Amino acid sequence: MNDPQDAEPIDRPTDPTSATEGITNPAVPPRPPLPPQTGYAPPQGYVLPGAVPPHASGAATPTGPAATIPMDFAATAAPAPAPAPRRTSAGAVVGLLVAAAVVGGAAGLGGAYAGVNLFSTSASAPASGPVSVTVNDTDSVTEATGIAARTLPSVVTISASGTNGSGSGSGVILSADGYVVTNTHVVTLDGASADASIRATTSDGQVFDAEIVGTDPTYDLAVIKLDGAADLTPIEFASSADLNVGDTTAAVGAPLGLSNTVTTGIVSALNRSIAIASAAAPETPDAEDGEQQDEGDAPFYFDFGQGRTTPGSGETISIAVIQTDAAINPGNSGGALVDSEGRLIGINVAIASAGGSSGQAGSIGVGFAIPSDIVQRIAEEIIDTGAATHGLLGANVRSAASVEGSQITGAYIQEAVAGGAAEAAGLRQGDIVTAFKGVPISNATDLTAQVRAAAAGSTATVTYVRGDATEQVDVTLGTLGG
């Protein structure tokens, strides 16, 4: 059985330097670029947690050195008579701060950022405004209480309505003036509405109308702008490249329409990739124009919470994800997955369902989030230009495990497309790709997800096996849709 092929967004310039030239969005003021990213180490069918709560009406519709991040809750105790372990002292401080926020209506734990600094990874001054965290006993607050107090002010509940239906999801605040990142399937009702009416509600009850700045169906990310917003609390970013299996996680959002919900867990796995059916995905490129993947598993679908699935579009997207056992349910889509300090490590996007793709989905402890390093790149490009770019390898691939005689896993190159990036780098039929930018590649979905995570025109080191030899080559990626 063949899996659906890769999606192709609208054409963009092949030259990454020129990718932003001549592309303007009058509604979006230009912002200074982030420091250059050298890459990331982001981490098989799955059901997306959808954008529609149970009461909804119908189906509407990159690897490089990582920043060093302090781990406040991970410090160990000093020898006696030093103070107690930092985890305990942090909890006590959190208790005091939460008490001040709840009782006095004072500052929350989230950071306030200058409007031009959309993706800060450093601490900053607290923002004013109430925090929707209930604390009845400040002497017994936990790490999770601190995470909630810090993260909730940076997460919004999103409602979208179109001519064919309505739904809800979540989003994460990127800037004080109201830029919010979420999922494409939330704001387009899974591709059914290109002009849905969107409203966003903050954790302290402010309601804003919102406009779509841009969507990226290839990685199911979107950015919206809240009209008239000011003094909001942006999320603080952590690098997903620094994550370890077993790290604490918390999912924050509005599952089943229940806003300000916090669930906790751990990083269950890294370097995962999943293929998901998406009605919002653009048409797959023809083999001679781009690349194809051939997988043996059937695709999975969005879940709308009523035992219904996405209308079949015949298209899938392949994305790299972080796996977590923090409970994620329909409505968590677009919300935050954060670390033990409340910093963003991913945008919640999908869940596995024990009932299969056609049944009603609920958390079974297998949830997925798009890594923060990928989110950061794509969101910045959308804000700057209205669209995001994605790499193109120019190869038709299948899982090596399905190839007769293969003794290793990886992505088997059936064809290096003439004139494509793979052919230019010397890759050819029969090569098995085993790593991309240092990320292990086990099958065709892995390779496609990692290539799409990279920016068009960027350079990636590809590790491959040819015969009995393992080789490496630097590949300058083409532009998907270019």
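This structure is a prediction, so every number in the text was calculated from the model and none was measured. Position 1 is the first residue of the sequence; numbering continues from there.
- No side-chain donor from either of Thr448 and Thr445 sits under 3.5 Å from a side-chain acceptor of the other.
- Here the shortest heavy-atom pairing between Lys225 and Asp177 reads NZ-O, 2.7 Å.
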Side chain to side chain donor-acceptor pair (under 3.5 Å) evaluation trace for Ser239 with Asp373:
CA-CA 6 Å; Ser239 175; Asp373 290 347; 3.1 Å; yes
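- Scanning all heavy atoms of the two residues, the minimum distance from Ser175 to Leu232 falls at O-CB, 4.2 Å.
- Between Thr215 and Val187, some side-chain heavy-atom pair lies under the 4.5 Å cut-off.
- Nearest heavy atoms, Pro371 versus Val321: CD-CA, 4.0 Å.
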Output, in order, the C-alpha distance, side-chain angles, deciding distance and verdict of side chain to side chain donor-acceptor pair (under 3.5 Å) for Thr389 and Glu381.
CA-CA 8 Å; Thr389 67; Glu381 288 191 13; 3.2 Å; yes
Could you check Thr145 against Thr142 for side chain to side chain donor-acceptor pair (under 3.5 Å), going step by step and ending with a plain yes or no?
CA-CA 5 Å; Thr145 309; Thr142 65; 3.3 Å; yes
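- Without hydrogens or angle criteria, Ser154 side chain to Val172 main chain gives no donor-acceptor distance under 3.5 Å.
- Contact between Ile322 and Ile345 at its shortest, heavy atoms only, is CD1-O, 3.2 Å.
- A donor-acceptor pair under 3.5 Å is formed between the side chain of Thr151 and the backbone N or O of Ile147.
- Between the side chain of Asn332 and the main chain of Asn329, a donor-acceptor pair closer than 3.5 Å is present.
- Although no hydrogens or angles enter the test, the distance criterion places a donor-acceptor pair under 3.5 Å between the side chain of Thr261 and the main chain of Leu258.
- With Asn348 contributing its side chain and Gly334 its backbone, the two residues share no donor-acceptor pair below 3.5 Å.
- Across all non-hydrogen atoms, the minimal contact from Val375 to Ile370 is CG2-O, 3.6 Å.
- Side chain of Arg452 to backbone of Gly391: a donor-acceptor contact under 3.5 angstrom is found.
- Side-chain contact between Arg199 and Val207 is present, with at least one heavy-atom pair separated by less than 4.5 Å.
- Residues His185 and Ser333 bring a donor and an acceptor atom of their side chains to less than 3.5 Å of each other.
- Under a 3.5 Å cut-off, the side chain of Thr182 and the backbone N or O of Ser170 do form a donor-acceptor pair.
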Run the side chain to side chain donor-acceptor pair (under 3.5 Å) check on Ser193 and Thr188 step by step: do they pass?
CA-CA 5 Å; Ser193 178; Thr188 66; over 6 Å; no
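- The main-chain N or O of Glu341 is found under 3.5 Å from a side-chain atom of Asp339 such that the two form a donor-acceptor pair.
- Here the closest heavy-atom approach between residue Gly265 and residue Asp325 is recorded as CA-OD1, 3.1 Å.
- Between the side chain of Ser168 and the backbone N or O of Ile158, no donor-acceptor pair lies under 3.5 Å.
- Checking side-chain atoms of Thr202 against main-chain N and O of Val156 turns up no donor-acceptor pair under 3.5 Å.
- For the pair Ile383 and Leu174, the minimum side-chain heavy-atom distance is below 4.5 Å.
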